[in-house]
Novice: 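This structure is in C-alpha cells; I'll ask about it shortly.
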Amino acid sequence: MTTPTEDATAAPAAPTDFIREIVMEDLRAGKHTAVHTRFPPEPNGYLHIGHAKAICLGFGIAREFGGVCNVRMDDTNPQKEEAQYVDSILADVKWLISGWADDKLGLKPAGKSPEARELGGKHDFLQAPIAGARLPSDAEPFYASDYFGPIFEFAMQLVRCGKAYVCDMTPEQTDEYRRTGKESPFRNRPVEENLDLLARMKAGEFPDGARTLRARIDMASPNMWMRDPLLYRIRHLEHHHTAAQWCIYPMYDFAHCLSDYIEGITHSLCTLEFEVHRPLYDWILQSLDLPRKLPRQIEFARLNIDYAVISKRKLLQLVGDGSVRGWDDPRMPTISGLRRRGITASAIRSFVTELGVTKYPSLTEYALLEHSVRSEFNKTAQRRFAVLRPIRVVLTNYPRDQVEQLTAINNPEYPAAGSRTVPFSRELFIDSADFMETPPPKYFRLRAGGEVRLKYGYIIKCDEVVKDDRGNVTELRCSADLGSKTGGATSSRKVKVTIHWVSAAHAVDAEVRLYDRLFNAPEPDIDGDFKAHLNPRSLEIVRAKCEPSLGEASLGVPYQFERLAYFALDPDSREENLVFNRTMTLKDTWAKEAKKS
RNA sequence: UGCCUCGUGGUGUAACGGUAGCACGAGAGAUUCUGGAUCUCUUUGUCAAGGUUCGAAUCCUUGCGAGGCAGCCA
C-alpha cells in the first residue's frame with residue numbers, strides 16, 4: 001500500500017518572519033557561525049499545540065540554518081515538576097519532528113554533566129549536544145538541574161563582585177520593598193558575610209523562606225524585574241532529577257540564561273510574557289565576564305485558538321475534574337490528544353507554518369487548522385465506506401443470493417493508491433441523512449419515489465417507505481436499474497447525487513466517536529469561567545456499519561469515510577470492537593444550505 | 001497605577017519610504033459516480049488626529065485600543 005506522503009507533505013517555501021530575519025542577519029554579520037536553538041519545557045504537564053508552535057520555530061530555524069535544537073527540561077522548581085512528564089514530553093517532540101527535523105534534535109549522553117574548563121584565562125562550563133539521526137539509545141534531554149553546580153559557582157562569582165547579596169527579609173517584606181522601590185537593609189552586607197551565608201543556605205542551615213540570594217541591581221528601576229530580583233530560594237525538597245542533593249534552587253531568571261549559555265545557545269526564543277525579563281537575562285550574563293558569545297532572547301506571541309483553551313493549567317483542570325477522559329482525549333489541544341484524534345505531525349507543522357510568527361497576540365480561527373488537515377488528508381487518506389446511522393435498504397428486484405465484488409478506488413487524488421473490492425448484495429445500509437420522505441428544497445438525496453446512485457453500483461429508486469408503529473422509517477424498499485452499474489448500458493444516466501452504502505450481510509460493526517469543539521464560546525475563558533462554556537455535545541458515540549476492509553484498519557493512518565469525514569483508528573480498538581475517532585469532517589455545503597432554511 | 005510590547009479585510013499574515021498582496025473564511029458560478037476535491041469570479045483592510053516627505057501601513061508626536069509583567073512559578 002502506497003501513500004503520497006512525499007507529495008502531500010512536501011515542505012512549503014521556507015517561512016520568513018522577524019526572528020528568522022534576526023538569525024539571518026546575525027549569521028551574515030558573522031556574529032555567529034552556526035545557530036543553536038532550544039526547546040525548554042517545564043516537566044509539569046503535557047505538551048500542547050502552543051508548544052508545537054515553539055517546537056516548529058526552534059527546530060525549523062535549526063533546519064533552515066544548519067543548526068541544532070536542544071530539548072531541555074526547565075526543572076528548577078521541585079515543587080511542581082515530576083519525572084513522569086519527561087518521557088511524554090520527549091516522545092511528543094520526537095513524534096512532531098519525525099521525518100522533518102530528526103537530525104536536528106539535540107540531546108546529551110545519559111548522565112552527562114557540563115564540563116568545567118578554562119577558556120582565554122576564564123572559568124567556563126560547556127554542555128555540548130549530540131545530534132543527528134542516529135543518537136545512542138540512552139541519549140536523554142538536557143536538564144537545567146544538571147547545571148545546579150555551575151549555576152551555584154556563578155552565584156558566588158556575583159557575590160564576590162558585589163552584584164548579589166543574601167537577604168533575610170520575609171516574602172511579604174520582600175514584595176512590599178520591591179513594590180515601593182525600597183532597598184533591603186541587607187543590601188550592603190559585606191562580601192565575606194554573603195559568601196558565608198550563601199554557603200550555609202546551601203548546607204541546609206536555614207528553613208524554607210528564611211533567606212534568599214538576590215541580585216544587586218536597581219531598586220528604583222521602572223522594570224520590577226530589575227528591583228533586586230531573587231536568584232535563589234530555599235526549598236527543602238527532593239528534586240525529580242537531582243534527588244536530595246540540593247536544598248536551594250535557582251529561580252527561572254537565573255537558571256535560564258545560564259542554561260542557554262552553558263549549552264551554547266545562540267537564539268533563545270520564548271513567549272511574550274518574558275519580554276520584561278530580558279533586561280535581567282542580559283544583566284546576569286553580562287555581569288559574569290563569560291568567555292564565549294552570549295545568547296540572545298527573542299520573544300514571540302503565543303498561539304491562541306478560538307473555541308479552545310490552551311494553557312497547561314486549564315488543561316490540567318479539565319483532566320482533573322473529568323471534563324475529558326485524559327491528557328490525550330481527542331478533544332484536547334494537547335499533542336497527544338491531536339495525535340489520538342488522528343491529526344498528523346505534518347498537518348500540525350503546516351498549520352503552524354501558515355500561522356507565521358509575530359509579536360501580535362492573535363486569536364487564530366480553528367478553521368485554519370481544519371484547512372491544514374483537510375488539504376493534507378485529501379491527498380493521503382484512503383477512501384472507505386461506512387454508514388454512521390444506518391437505514392436498511394432492500395433491492396426488491398436484485399437476486400436474493402447474489403453477491404457482487406465491486407471495484408472501489410482508494411484515492412481519486414492519488415491513483416497509485418490503487419483500488420479494493422467492496423461486496424454488494426440485495427440488502428444494504430445507507431445513512432439516514434441520505435433519505436428524507438418529504439425533503440426541503442435543494443435536497444438532492446433519496447426521497448420517496450426518488451432516485452439516487454449507489455457509488456460504484458446501481459441507480460436505485462425508492463418505491464416504498466416502511467415504518468414502525470411510531471412512524472420511524474425502518475426500511476426502504478427500492479428497485480435497482482440493473483443496467484446502470486458502472487460500465488453498464490444505462491450507466492451514463494444522470495442522477496443528482498451519488499451516495500455511499502454498505503452491504504448488510506458483510507458489514508463490520510464499529511464504535512465511532514464523533515467529536516465536536518470542546519467549548520461553545522470563541523474565547524471560553526474571557527469571563528474567567530471557561531468551564532461554564534463546555535460544549536455538552538462535544539462527544540457523540542454511534543454504532544456504525546463499515547465495509548469489511550475497515551476490519552484491517554491500522555493505527556496512525558487517516559481514512560476518509562466517503563462523504564462524511566476523516567477518521568482514525570483509536571488505540572482502544574480491539575478486533576472484536578473496532579473504535580474510530582472522527583478527526584475532521586469534510587466540508588459540508590448541504591449542511592450550510594440546510595441551515596439557511 | 002507604573003513599566004514593556006503590539007495595532008493592516010471576519011481571521012492569520014506580507015509589503016523594510018515608492019501600485020496594500022497572499023492564505024483561510026464568506027458569497028456566486030462551472031464541473032463532479034464523494035453536496036468532497038478541482039476551476040473561475042466577487043466582497044471586505046492600514047486604530048485616530050496631527051507632523052516630516054515629491055511620496056507614509058512604514059519615520060516622528062499625541063491620543064485611543066489590546067496584550068503582558070508587578071510569585072521565594074516558569
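All values below were derived from every heavy atom in this structure, side-chain atoms included, with hydrogens, water molecules and symmetry-related copies excluded. Throughout, protein chains are lettered first and strands after them, A, B, ... in sequence-line order, and every chain is numbered starting at 1.
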Novice: With Watson-Crick and G-U wobble geometry limited to distances under 3.5 Å, how should the secondary structure of RNA chain B be encoded in dot-bracket form, using | for bases paired to another strand and [ ] for crossing pairs?
Specialist: (((((((..((((....[..)))).(((((.......)))))....(((((..]....))))))))))))....
Novice: Using only heavy-atom distances, decide whether a donor-acceptor pair under 3.5 angstrom links the side-chain of A/Glu413 to the base of B/rG36.
Specialist: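 Between B/rG36 and A/Glu413, which were checked side chain against base, a qualifying N/O pair under 3.5 Å is present.
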Novice: Any salt bridge linking A/Lys182 with A/Glu176? Criterion: basic side-chain nitrogen under 4.0 Å from a carboxylate oxygen.
Specialist: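 Answer for the salt bridge query: no.
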Novice: Kindly assign one of parallel, tilted or perpendicular to the pair A/Phe385 and A/His500, based on the angle between their ring planes and the thresholds 30° and 60°.
Specialist: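 Judged by the thresholds at 30° and 60°, the geometry between A/Phe385 and A/His500 is tilted.
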Novice: Please work out whether the ring planes of A/Phe561 and A/Phe567 are parallel, tilted or perpendicular, with thresholds of 30° and 60°.
Specialist: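 Correct class here is parallel.
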Novice: Should B/rG71 be called syn or anti, with syn set as within 90° of 0?
Specialist: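 Syn, angle within 90° of zero.
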Novice: When you measure from the side-chain N and O atoms of A/Thr358 to the phosphate of B/rC6, is any distance below 4.0 Å, counting only OP1 and OP2?
Specialist: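 A/Thr358 to B/rC6 OP1/OP2: no side-chain N or O under 4.0 Å.
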Novice: Look at A/Ser491 and B/rC33 and indicate whether a side-chain polar atom (N or O) is within less than 4.0 Å of OP1 or OP2.
Specialist: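 Result: no.
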Novice: Please pick, from B/rG67, B/rU34, B/rC3, the nucleotide with the shortest atom-to-atom distance to any side-chain atom of A/Pro222.
Specialist: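 Nearest to the side-chain atoms of A/Pro222, counting from C-beta on, is B/rC3.
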Novice: Identify which nucleotide among B/rA74, B/rC6, B/rC24 has an atom closest to any side-chain atom of A/Ala367, counting heavy atoms from C-beta outward.
Specialist: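 Nearest listed nucleotide: B/rC24.
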Novice: Starting the side chain at C-beta, find the nucleotide from B/rC24, B/rU34, B/rC72 nearest to A/Glu562.
Specialist: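 Shortest atom-to-atom distance from the side chain points to B/rU34.
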Novice: Does B/rG35 have its OP1 or OP2 closer than 4.0 Å to a side-chain nitrogen or oxygen of A/Arg445?
Specialist: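 No, because none of the side-chain N or O atoms of A/Arg445 sits under 4.0 Å from OP1 or OP2 of B/rG35.
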Novice: Determine the minimum heavy-atom distance between A/Gly209 and A/Pro171, stating which atoms define it.
Specialist: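 Heavy atoms only, the tightest pair is O-CD, 4.2 Å.
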Novice: Ignoring backbone atoms, establish whether A/Arg302 has a side-chain N or O less than 4.0 Å from OP1 or OP2 of B/rA74.
Specialist: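 Result: no.
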Novice: Do the side-chain N or O atoms of A/Lys587 get closer than 4.0 angstrom to the phosphate oxygens (OP1, OP2) of B/rG25?
Specialist: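 Affirmative; the distance criterion is met.
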Novice: Is the distance from OP1 or OP2 of B/rC33 to the nearest side-chain N or O of A/Lys496 less than 4.0 Å?
Specialist: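 Indeed not, no polar side-chain atom of A/Lys496 lies that close.
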Novice: Tell whether A/Glu365 reaches the base of B/rG10 with its side chain through a donor-acceptor pair below 3.5 angstrom.
Specialist: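 Result: at least one qualifying N/O pair found.
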Novice: If we require ring centres under 5.5 Å and near-parallel planes under 30°, does A/Trp225 stack on B/rA70?
Specialist: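 Here the ring of A/Trp225 and the base of B/rA70 are not stacked, as the 5.5 Å and 30° limits are not both satisfied.
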Novice: Is the phosphate of B/rU13 approached by A/Ser362 (side-chain N or O, under 4.0 Å from OP1 or OP2)?
Specialist: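 So the side-chain polar atoms of A/Ser362 do come within 4.0 Å of the phosphate oxygens OP1 or OP2 of B/rU13, strictly under.
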Novice: Between the base of B/rU5 and the side chain of A/Glu299, is there any donor-acceptor pair under 3.5 Å?
Specialist: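 It does not, because no donor-acceptor pair links the side chain of A/Glu299 to the base of B/rU5 below 3.5 Å.
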Novice: Is A/Lys359 touching bases, backbone alone, or none of the nucleic acid, heavy atoms closer than 4.0 Å?
Specialist: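 It contacts sugar-phosphate atoms only.
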Novice: Is the shortest distance from a Lys or Arg side-chain nitrogen in A/Arg38 or A/Glu263 to a carboxylate oxygen in the other one below 4.0 Å?
Specialist: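 So A/Arg38 does not pair with A/Glu263 through a salt bridge.
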Novice: Please tell me which of the listed nucleotides, B/rA37, B/rA74, B/rC24, lies nearest to the side chain of A/Asn378?
Specialist: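 Ranking B/rA37, B/rA74, B/rC24 by closest atom to the A/Asn378 side chain puts B/rA37 first.
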Novice: At under 4.0 Å between heavy atoms, what does A/Phe18 touch on the DNA or RNA strands: base, sugar-phosphate, or nothing?
Specialist: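 Nothing, no heavy atom under 4.0 Å.
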Novice: OP1, OP2 of B/rC72 versus side-chain N and O of A/Arg178: anything below 4.0 Å?
Specialist: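 Yes, A/Arg178 has a side-chain N/O under 4.0 Å of OP1/OP2 on B/rC72.
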Novice: To the side chain of A/Met224, which of B/rC24, B/rA70, B/rG12 is closest?
Specialist: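 Ranking B/rC24, B/rA70, B/rG12 by closest atom to the A/Met224 side chain puts B/rA70 first.
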Novice: Provide the distance between the two P atoms, one in B/rA57 and one in B/rG50, to the nearest whole Å.
Specialist: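 Per the computed distance, 14 Å lies between those P atoms.
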Novice: Compare the minimum distances between each of B/rU5, B/rU34, B/rU8 and the side chain of A/Glu275, then state the nucleotide with the smallest one.
Specialist: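 So the nucleotide nearest the side chain must be B/rU5.
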Novice: Distance criterion of 3.5 Å, no angle test: do you see the side chain of A/His277 paired donor-to-acceptor with the base of B/rA70?
Specialist: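 Counting by modelled atom types and ignoring angles, no donor-acceptor contact under 3.5 Å is found here.
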Novice: What's the closest nucleotide to the side chain of A/Arg233 if the choices are B/rC72, B/rU34, B/rU13?
Specialist: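 Selected nucleotide: B/rC72.
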Novice: Give a yes or no answer on whether the side chain of A/Trp501 reaches the backbone of A/Lys455 with a donor-acceptor pair at less than 3.5 Å.
Specialist: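 Here the side-chain-to-backbone pair exists.
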Novice: Give the nucleotide from the list B/rC33, B/rC24, B/rC73 with an atom nearest to the side chain of A/Thr498.
Specialist: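 For A/Thr498, the side-chain atoms sit closest to B/rC33.
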Novice: Remember a base hit wins even if backbone is also touched, and classify A/Thr585 as base, sugar-phosphate or nothing at under 4.0 Å, heavy atoms.
Specialist: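 It contacts nothing in the nucleic acid.
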Novice: Parallel, tilted or perpendicular for A/Trp590 and A/Tyr443, by the 30°/60° rule?
Specialist: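 Rings of A/Trp590 and A/Tyr443: perpendicular, over 60°.
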Novice: Suppose we call a contact any N or O donor and acceptor under 3.5 Å apart; does that hold for the side chain of A/Thr486 and the base of B/rC33?
Specialist: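 Checked by distance alone, the answer is yes.
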Novice: Write down the distance separating the C1' atoms in B/rG9 and B/rC59, rounded off to the nearest Å.
Specialist: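 Roughly 25 Å separates the two C1' atoms.
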Novice: Name the closest nucleotide to the A/Lys494 side chain, picking from B/rC33, B/rG12, B/rG35.
Specialist: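 Between B/rC33, B/rG12, B/rG35, the one nearest the side chain of A/Lys494 would be B/rC33.
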Novice: Please indicate yes or no: is the ring centre of A/Trp590 less than 5.5 Å from the centre of the six-membered base ring of B/rG35, with the two planes inclined by under 30 degrees?
Specialist: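 Here the ring of A/Trp590 and the base of B/rG35 are stacked, with centres under 5.5 Å and planes under 30°.
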Novice: In terms of side-chain heavy atoms, does A/Arg383 have a donor or acceptor partner in A/Asn411 at a distance below 3.5 Å?
Specialist: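 Yes, side-chain donor-acceptor contact under 3.5 Å.
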Novice: So which heavy atom on A/Glu42 is nearest to which on A/Ile89, and how close?
Specialist: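 Minimum heavy-atom separation between A/Glu42 and A/Ile89: O-CD1, 4.1 Å.
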Novice: Distance-only, no hydrogens or angles: does the A/Arg445 side chain make a donor-acceptor pair with backbone N or O of A/Met436 under 3.5 Å?
Specialist: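 Checking the backbone N and O of A/Met436 against the side chain of A/Arg445, no donor-acceptor pair under 3.5 Å is found.
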Novice: The side chain of A/Arg383 lies closest to which of these nucleotides: B/rU34, B/rG12, B/rA74?
Specialist: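 Looking only at side-chain atoms, A/Arg383 lies closest to B/rU34.
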